[in-house]
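All of these numbers come straight from a predicted model, not from anything done at the bench. Residue numbers start from 1 in every chain, and the chains themselves are labelled A, B, ... in the order their sequence lines are given, proteins ahead of strands.
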2 protein chains.
Amino acid sequence: MTPPLPTTIAGWLSAYRAGARPTELIPALAARLAEDDPAWILRCDAAYLTAQLDRLAALQREGRALPLAGVPFAVKDNIDVAGLPTTAACPAFAYTPERHATVVQRLLDAGAILIGKTNLDQFATGLVGTRSPYGAVPCPLDPQRVSGGSSSGSASVVARGLVAFALGTDTAGSGRVPAGFNHLVGLKPTPGRVGMHGVLPACRTLDVVSVFALDVPDAARVLAVMEGPDDGPVFQSAAQRPAWLGRLGRPLRVGVPADVSALDEALGYRVAWTGALARLTTLSPTAAGGAPAWAGEGIEIVPIDMAPFDAVARLLYDGPWVAERHSVVQDLMRTQPDAIDPTVRRVIARAAEFDATAAFEARYRLAELARATEAVWQGIDVLLVPTAPTHPTLAAVAAEPVLRNSELGRYTNFVNLLGLAALAVPAGETPAGLPFGVTWIAPGGSDAALAALGTCWQLAASPGTQPVGAHLPALTAADLQPATQPASAPTLALAVVG
Amino acid sequence: MTPPLPTTIAGWLSAYRAGARPTELIPALAARLAEDDPAWILRCDAAYLTAQLDRLAALQREGRALPLAGVPFAVKDNIDVAGLPTTAACPAFAYTPERHATVVQRLLDAGAILIGKTNLDQFATGLVGTRSPYGAVPCPLDPQRVSGGSSSGSASVVARGLVAFALGTDTAGSGRVPAGFNHLVGLKPTPGRVGMHGVLPACRTLDVVSVFALDVPDAARVLAVMEGPDDGPVFQSAAQRPAWLGRLGRPLRVGVPADVSALDEALGYRVAWTGALARLTTLSPTAAGGAPAWAGEGIEIVPIDMAPFDAVARLLYDGPWVAERHSVVQDLMRTQPDAIDPTVRRVIARAAEFDATAAFEARYRLAELARATEAVWQGIDVLLVPTAPTHPTLAAVAAEPVLRNSELGRYTNFVNLLGLAALAVPAGETPAGLPFGVTWIAPGGSDAALAALGTCWQLAASPGTQPVGAHLPALTAADLQPATQPASAPTLALAVVG
């Protein structure tokens, strides 16, 4: 039995401060990775790791500030890493970029160590994690069920403690649904907040890079390193908002769906949601002394009619944005259609149903619906929703791949179309022990406020821990992990289904 | 011979302060309007005028602030006025709205008196002013040449002093090209700055309501009344910028096209442009004491490569945005194609060439080009261009309606796609006495700064006049009109061709 490795970013940094060395821990971590783990598409080889460790040592000798020095991470395989193939889970599509994606470059420059590239629903088209020739990624906590997608592998490797954090991408929920299914934090920044150069688009006007981590401060720390524009095109932008929500002296107005009949009762999701609402009432803005997450005192729960958000979600699912996916793969669709996953191909082929007039008309409809949602925001400061309404089995998804997938986006599809920020957080378990997650959603630019609120949320689950701010370096691995945190658990279970 | 009526807003307000009454001047004005003037699609009848005058009197009795009390104006006939048909220059398309457009309501609430609705290139599709079953609108200053369009009638009635100001719309230059051809100010606000409810769309994601006036302070006064969002959808938005340009203590960096070989040399446009550049060097930011239009002292002319702007202009002309026009008229195209002007129909039919993928890909290309133009803006504070590169005759346009039209948008097409603000201003005459115009262009939100700069520009042409700010009420009609100002001139000439 080898000694346990850290799991959180805070844990890794603490281990290094206590004298451990990246040149020892990183090879030890790499040695533990299973060859047949479907979460990985590529594990960096010894030479690639050594080169990174050498560069890290050089940066440290220069005295550079390295907020992620020696912290292991993974990236979804639709994000470019120089010299490694980007497959997007489609070998026939693969190319090898010469330049890192902006986000990868920034993380490497902060001292983080890339461990590998992770599996995904092909071309980031799916919320299930099964649409890949590299294998379906099961949920580590219940291997009969899906990991969620499209950022399936990134969620899985963080959930199992194989890396401290991982990058996903999120267009319709790909950075949130897998967080919900894997008891993780999934931080989905405001679209436009993160430079997207070197990220293979799904829907270029909507995509954003997301972060999976075990706790909110870790995720916020990663965002702080990787955020900011690059020289690429910008399709949405929102000015940064304050790091707190609400109005001075007033309770935080938390909108919640008035009708949650979509939640899977048989799976215990309604019970779990009720539990989440109960936790909501225990939130304190100042926790045990950190910066307040909202300006007033107390919580006001505001049941809201989700109709305008639901309409936006349907617009994404039924509308012309699929043509953006088509734009990426059209050459391959024409020349090697069989190289594309049949379900993904079927989904993307629907692009042919939409002409340019339809594309513009959907944009008009979206703008109208956006105005309708603004009326909702007049009455709330933040929105809290279940991350997903159910958690299907691999078998159910295999039987009805499009329908089962479409059900999962109910609480995620609308977010990027409306330019909102979101933060998926663990919210306990269902009665049967399945992970349950909720997502905080706030107006674009509220990323810092959501991180503060999410930290309060996690502290409410573990009230005895140290008060923390989003970037305090003194965190240890144990500080903020929910009791049910599954890090490093099910390597064995995975081997059965991998 | 009846006594002359005022022409500018300042002139009308001054006349009322001197004792004239709307109930006298407005009927006198209406009585002078020719029945066969192709600039009008509808002249308000006596009952409609009387109702307005009655309401004005009621508002005045209430003591309301009425910044445009009794000032006559016209609106392009793609802007709704309750109870009057909106034709968009297509009788088969006409409908009668129950509600005023937002901009019309605001102007009426400020006391302005609507005189009539004006001719346009059908569906605001054209830059020539000839594509209308209500007749081609000739240039009042040279009736052999086009008025420019699509806001042809609005420009014509202001140029001839028939109203103090008129509303146009501007998607690709429809509020600027006619200003250039008619020796007018054409203020084209930042897209999104003006609520668009009740304006029939051309390209909904790009359209903005524009103002024609005889001088910049008048145009700015109208914008101040009509600006601000309404409850309609928003496709572009820019935060308001300061009312001055440039950096403290530095010269104003004015970008000008390095290559103006596109200007019609035979028509004297290059000579006229050289004259405009000469006037540029005489600009003073503080004129004779008003608020400074730029933060520093002096002017630095920066020749720039227009390539990225030209590429954006071509993208509008050759790209899928025509599908937005198709969205408006598709029912009529299908049921009564012959009801549509043949050239307009031919232009809009090109929408069928574009599928949704092409629509999104053009948006990607635009976003890339927008980044490229940002590099240009790093080196300049404002851009000065000719308003149009040539001024075709009616005969030339009739011979080659699409080609001649397309040439006119070179310096206007790119502006709304990039979310910029623009202000077309008179810039003297060509050697043959044709009007010549230039357009100031600045980043979105710079509307107030452009108004200040445009006022300096007009003062530089008439240096002996009173210093003015954009909203000073003490202006008189003579204050700011360039020497060649054509107000009230060619009623006779028009009758020949109308």
Side-chain angles (χ1 to χ4, degrees), chain A residues 192 195-197 201-207 229-239 319-331 333-334 348-375 378 418-419 444-445, chain B residues 192 195-197 201-207 229-239 319-331 333-334 348-375 378 418-419 444-445:
Chain A
M196 296 296 284
H197 177 88
C203 299
R204 201 178 303 225
T205 64
L206 305 176
D207 302 331
D230 59 17
D231 58 2
V234 176
F235 297 98
Q236 298 190 53
S237 64
W321 280 267
V322 69
E324 300 205 78
R325 300 181 191 271
H326 178 251
S327 170
V328 177
V329 302
Q330 55 189 329
D331 290 343
M333 288 271 269
R334 198 171 47 244
I348 295 180
R350 289 194 57 203
E353 297 172 19
F354 300 96
D355 62 15
T357 303
F360 279 108
E361 289 179 347
R363 206 167 150 193
Y364 307 156
R365 176 75 179 135
L366 172 59
E368 281 168 15
L369 290 168
R371 292 308 297 252
T373 65
E374 280 173 22
Q378 295 297 314
L418 295 171
Chain B
M196 297 295 286
H197 177 88
C203 297
R204 202 179 304 224
T205 63
L206 305 176
D207 302 332
D230 58 17
D231 59 1
V234 176
F235 296 98
Q236 297 190 57
S237 66
W321 280 269
V322 69
E324 299 205 77
R325 302 181 190 271
H326 179 250
S327 171
V328 177
V329 303
Q330 56 189 326
D331 290 344
M333 287 270 270
R334 197 172 48 244
I348 296 180
R350 287 194 58 202
E353 298 172 19
F354 300 96
D355 62 15
T357 303
F360 280 107
E361 289 180 346
R363 206 166 150 194
Y364 307 155
R365 176 75 180 136
L366 172 60
E368 281 168 15
L369 289 169
R371 292 308 298 253
T373 65
E374 280 173 22
Q378 294 298 314
L418 295 170

Output the option from B:Gly232, B:Ala359, B:Ala370 having the highest count of non-hydrogen pairs under 4.5 Å with chain A. B:Gly232

Pick from B:Ala239, B:Ala356, B:Ala323, B:Cys203 with the largest number of heavy-atom pairs that fall under 4.5 Å of chain A: B:Ala356

Which atoms of [X] are under 4.5 Å from chain B, going by heavy atoms: the side chain, the backbone, both sets, or neither?
X	result
A:Phe360	side chain
A:Glu361	side chain
A:Glu353	neither
A:Arg371	side chain

Of the backbone (N, CA, C, O) and the side chain (C-beta and beyond), which part of B:Glu374 lies under 4.5 Å from a heavy atom of chain A, both, or neither? neither

Heavy-atom pairs under 4.5 Å with chain B - which of A:Asp231, A:Val234, A:Asp355 has more of them than the others? A:Asp355

Exactly one of B:Glu324, B:Arg363, B:Gln236 should register a side chain to side chain donor-acceptor pair (under 3.5 Å) with B:Thr205. Which one does? B:Glu324

What's the shortest heavy-atom distance between A:Ala351 and A:His326, and which atoms? CB-CB, 3.5 Å

For B:Gly445 and B:Ala238, which heavy atoms make the closest approach, and how far apart are they? N-CB, 4.0 Å

From CA spacing to verdict: side chain to side chain contact (heavy atoms under 4.5 Å, CB included), B:Ile348, B:Val328: CA-CA 10 Å; B:Ile348 296 180; B:Val328 177; over 6 Å; no

Has the side chain of B:Asp207 got a donor or acceptor atom that lies under 3.5 Å from a matching backbone atom of B:Ala202? yes

Let me confirm one number: the CG-CZ distance from B:Leu366 to A:Phe235, rounded to the nearest 0.5 Å. 8.5 Å

